[in-house]
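One is the number of the first residue; the rest follow in order along the sequence. Because the structure is predicted, anything quoted here is derived from the model rather than measured.
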Amino acid sequence: DAIISFVKQGNSEKLADCVRELLDRYPSFVLNSVMNILGTHDTARILSAVGEFSEKGKTKEELARMRYDGADYELAKNRVKAAALLNFTLVGVPCIYYGDEIGMQGFADPLNRMYFEWENQDEELLSFFRTLGKIRKDCSALKDGKLEILYSYNGAFVFTRKNEWSEILVAVNFGKQEKYIRFEGKLKNALTNEVSDSEIILKNGEYGAFYAI
């Protein structure tokens with residue numbers, strides 16, 4: 001819920017409070033093992049949940065006809081990407097509800113339980129999820145590394161995961177202002193392979209997972 005609120009409304013403070021509460025309440029060996037979900041068979045599809053449509057006051061027949069396309073779809077998809085990035089890099093083990101990785105849509109049950117759309121897949125979104133899987137596999141800090149929140153204000157959320165062997169910096173900006181992150185050396189965005197020298201600039205709706213090179 002905190003991740004969805006963040007990617008929709010830029011509520012970085014709520015997300016930080018949620019993460020800090022979990023870190024305070026549970027030992028690391030528990031947090032590193034919990035199953036992280038953005039959606040299940042009991043919730044709206046994550047792409048439908050993070051878009052601009054509302055389920056309130058709608059009949060099931062009306063909801064069945066509500067599907068994002070064009071600019072509305074691209075907006076929701078970008079939010080799904082940011083949410084998935086957080087799901088893969090915060091403490092715990094990411095769990096993907098079938099079809100979320102290809103952009104399936106659907107509001108309340110049973111619209112969220114449609115058959116897998118083999119003939120209608122968003123290949124670009126699927127590729128993004130595969131990249132997240134590779135990042136998680138290659139970076140041991142995402143399995144058991146310490147999490148430190150560096151910044152959580154005005155719609156920007158920045159944190160690091162670090163263990164003895166690796167370190168990664170994750171930054172997501174859904175604020176109205178650009179977020180500047182300054183550092184020494186060079187960082188590479190594992191999502192895009194772009195290299196930044198001493199400064200990263202994230203506009204609204206931009207995000208990255210960075211490691212030193």
Side-chain angles (χ1 to χ4, degrees), residues 1-23 36-39 43-56 66 68-92 94 96-97 100-101 103-105 107 122 124-125 127-129 131-132 135-136 142 147-161 168-183 187-194 196 199-211:
D1 289 341
I3 289 176
I4 291 174
S5 175
F6 172 58
V7 299
K8 288 189 71 172
Q9 290 125 20
N11 198 337
S12 53
E13 292 86 352
K14 177 180 179 180
L15 178 56
D17 288 344
C18 177
V19 172
R20 290 191 181 103
E21 183 177 4
L22 291 173
L23 294 175
N36 290 345
I37 53 176
L38 293 174
T43 67
R45 287 275 179 185
I46 184 60
L47 195 142
S48 297
V50 299
E52 292 298 293
F53 292 163
S54 174
E55 294 183 81
K56 293 181 180 179
M66 291 171 57
Y68 299 113
D69 57 18
D72 290 330
Y73 177 81
E74 293 302 320
L75 174 65
K77 183 170 82 168
N78 192 58
R79 290 173 177 175
V80 168
K81 287 181 177 181
L85 171 62
L86 293 169
N87 196 39
F88 270 72
T89 55
L90 289 169
V91 290
I96 305 171
Y97 181 48
D100 285 350
E101 75 280 12
M104 286 183 63
Q105 302 183 47
F107 287 92
D122 186 325
E124 194 271 335
L125 184 60
S127 176
F128 183 84
F129 270 86
T131 298
L132 291 180
I135 291 171
R136 184 172 175 85
L142 294 177
L147 188 152
E148 180 181 1
I149 297 175
L150 303 181
Y151 188 88
S152 56
Y153 187 66
N154 281 346
F157 187 67
V158 183
F159 65 94
T160 58
R161 296 288 305 278
I168 192 167
L169 181 146
V170 179
V172 184
N173 184 24
F174 279 97
K176 296 180 180 179
Q177 299 178 342
E178 293 180 343
K179 174 59 182 172
Y180 293 80
I181 303 172
R182 295 180 175 88
F183 52 90
L187 292 180
K188 185 174 184 178
N189 188 345
L191 297 175
T192 64
N193 291 323
E194 294 179 356
S196 300
E199 183 179 70
I200 296 167
I201 303 174
L202 295 178
K203 299 178 181 179
N204 175 273
E206 293 185 340
Y207 38 81
F210 305 90
Y211 60 90

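Using a 4.5 Å heavy-atom cutoff, the side chains of Ile4 and Ile46 are in contact. Under the 4.5 Å side-chain criterion, counting only non-hydrogen atoms from C-beta, Phe6 is in contact with Leu86. Counting only heavy atoms from C-beta outward, the side chains of Leu147 and Val19 approach each other to under 4.5 Å. Looking only at side-chain heavy atoms (C-beta outward), Phe174 and Val7 come within less than 4.5 Å of each other. Looking at Val80 and Asp100, their side chains never come closer than 4.5 Å, going by heavy atoms from C-beta outward. For the pair Phe128 and Leu191, the minimum side-chain heavy-atom distance is below 4.5 Å. Looking at heavy atoms from C-beta onward, Lys188 lies out of side-chain contact with Phe210 at the 4.5 angstrom threshold. The shortest distance between side-chain heavy atoms of Gln9 and Lys14 does not fall below 4.5 Å.
The two residues Gly175 and Asn173 make their nearest non-hydrogen contact at N-OD1, 2.9 Å. Here the closest non-hydrogen pair linking Gly205 and Asn78 is O-ND2, 2.9 Å. Residues Ser54 and Met66 share a closest heavy-atom pair of O-CE, 3.6 Å. Smallest separation of non-hydrogen atoms from Ala190 and Thr131: O-CG2, 3.9 Å. Nearest heavy atom pair, residue Arg79 against residue Val50, reads NH1-O, 2.7 Å. The minimum heavy-atom distance linking Glu13 with Tyr153 is given by the pair OE2-CD1, 3.4 Å.
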Evaluation steps, side chain to side chain contact (heavy atoms under 4.5 Å, CB included), between Phe88 and Ile135: CA-CA 9 Å; Phe88 270 72; Ile135 291 171; over 6 Å; no
Stepwise side chain to side chain contact (heavy atoms under 4.5 Å, CB included) check, Lys179 with Val172: CA-CA 9 Å; Lys179 174 59 182 172; Val172 184; over 6 Å; no
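Rounded to the nearest 0.5 Å, atoms CG (Asp1) and CG (Asn11) are 12.0 Å apart. The CZ atom of Phe53 sits 5.0 Å away from atom CG of Asp72, with the distance rounded to the nearest 0.5 Å. Leu187 contributes atom CG, which lies 9.0 Å from atom CD1 of Ile181 (distance to the nearest 0.5 angstrom). Between the CG atom in Leu125 and the CE atom in Met104 there is a gap of 12.5 Å [rounded to 0.5 Å]. Interatomic distance, CG of Asn36 versus CG of Leu90, reported as 7.5 Å (0.5 Å rounding). In this structure, the separation between CD on Gln105 and NZ on Lys77 is 11.5 Å, given to the nearest 0.5 Å.
A donor-acceptor distance shorter than 3.5 angstrom exists from the side chain of Thr89 to the backbone of Leu85, with no hydrogens or angles considered.
The aromatic rings of Phe159 and Phe157 sit tilted relative to each other, their planes meeting at an angle between 30° and 60°.
By the neighbour-count criterion of 12 heavy atoms within 6.0 Å, atom CZ of Phe183 is densely surrounded, having more than that number from other residues, nucleotides or ligands.
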